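Worksheet: the structure to be examined is printed underneath.
All ligand and atom numbering here is 1-based and tracks the order in the structure. Remember, it's a predicted structure, so these values are computed and weren't measured experimentally.
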Amino acid sequence: MSDLERARAIVERARRPVVFTGAGVSAESGIPTFRDALTGLWEQYDPEQLATEAGFRADPELVWRWYASRRERVAQAQPNPAHLAIAALGRRRAGLLVVTQNVDGLHQRAGSTDVVELHGSILRVRCLEGCAGPVEGWASDPRVPPRCPRCGAPLRPDVVWFGELLPEHSLQRAQQAAIDCDLMVVVGTSALVYPAAELPFTAVRAGADVICVNPEPTAIDEIATVALHGKAGELLARVLGG
Ligand code: OAD
């Protein structure tokens with residue numbers, strides 16, 4: 001039996017599958033990953049300058065323009081066959097949870113209805129000084145960050161920056177899903193950023209199968225029941241069936 005057939009059989013018999021994704025699942029939609037050689041965002045830009053609160057306070061316009069260009073790219077992108085295969089599995093398997101590190105909203109645009117965004121979303125903003133809750137109807141001038149309607153402070157992207165804690169409720173849901181699942185399908189992550197990268201290990205410790213899909217080997221290969229080396233857009237529909 002080929003690895004693909006073994007993975008297919010594991011998906012078929014799974015009762016409580018969870019899908020965990022990273023930037024690689026959106027690569028074929030034209031959204032750059034973070035660490036792929038040359039094309040990765042962190043290869044081209046300084047994460048200290050662009051993905052920290054200190055960087056934003058030092059130069060809010062620079063950071064805002066960068067996120068505005070990423071938002072523009074996401075707006076022009078389309079969900080790819082990997083996003084669509086995950087959404088289709090969700091229609092066949094009631095209660096399927098998608099846990100993502102991505103901030104692009106492409107899982108939801110593909111039709112996935114229960115998505116935990118561990119690192120937030122670049123489609124939302126919130127007050128830099130912590131006024132409660134996301135802000136709706138903000139002016140999307142790509143040059144300058146809009147102002148908080150409550151306190152007048154700059155609004156920042158509602159994403160997790162380096163050195164920041166993940167949204168507590170989202171992390172708890174993801175950790176509980178990793179404990180309760182009998183299969184975790186891990187797609188397109190380098191598994192280098194914690195605490196998100198711990199989830200597949202939590203799932204295996206709880207007795208679940210892990211299938212990983214990535215053109216490159218990662219630390220997940222060591223714990224995977226099946227590791228498939230290829231592109232998510234080309235493989236996922238065949239792995240998840242439907
Ligand atoms: P990375 O850029 O670290 O890893 C992307 C992974 O996707 C790599 O292992 C690639 O080999 C793989 N990949 C590339 N193309 C693929 C394809 N077509 N199909 C499947 N896999 C493919 O991105 P993440 O692991 O998501 O954090 O990074 C984790 C976090 O680091 C991000 O959420 C972000 C970043 O700093 C925050 O913003 C907090």
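- Qualifying salt bridge (charged side-chain N to carboxylate O under 4.0 Å, His left out) partners for Arg8, counting only residues two or more places apart in sequence or in other chains: Glu12.
- With sequence neighbours excluded, no residue satisfies salt bridge (charged side-chain N to carboxylate O under 4.0 Å, His left out) with Arg15.
- Between Ser29 and Leu106, the closest side-chain pair of non-hydrogen atoms falls below 4.5 Å.
- Remark: Glu129 does not engage Arg150 in a salt bridge, criterion side-chain N to carboxylate O under 4.0 Å.
- Contact residues for ligand 1 (protein heavy atom closer than 4.0 angstrom to any ligand atom): Gly22, Ala23, Gly24, Ala27, Glu28, Thr33, Phe34, Arg35, Asp36, Trp42, Gln101, His119, Val160, Phe162, Gly188, Thr189, Ser190, Val193, Asn214, Pro215, Glu216, Lys231, Ala232.
- Among residues at least two apart or in separate chains, salt bridge (charged side-chain N to carboxylate O under 4.0 Å, His left out) pairs with a member in residues 191-212 are Arg13-Asp209, Glu198-Arg205.
- One finds the CD atom of Gln176 at 10.5 Å from the OG1 atom of Thr202 (value rounded to the nearest 0.5 Å).
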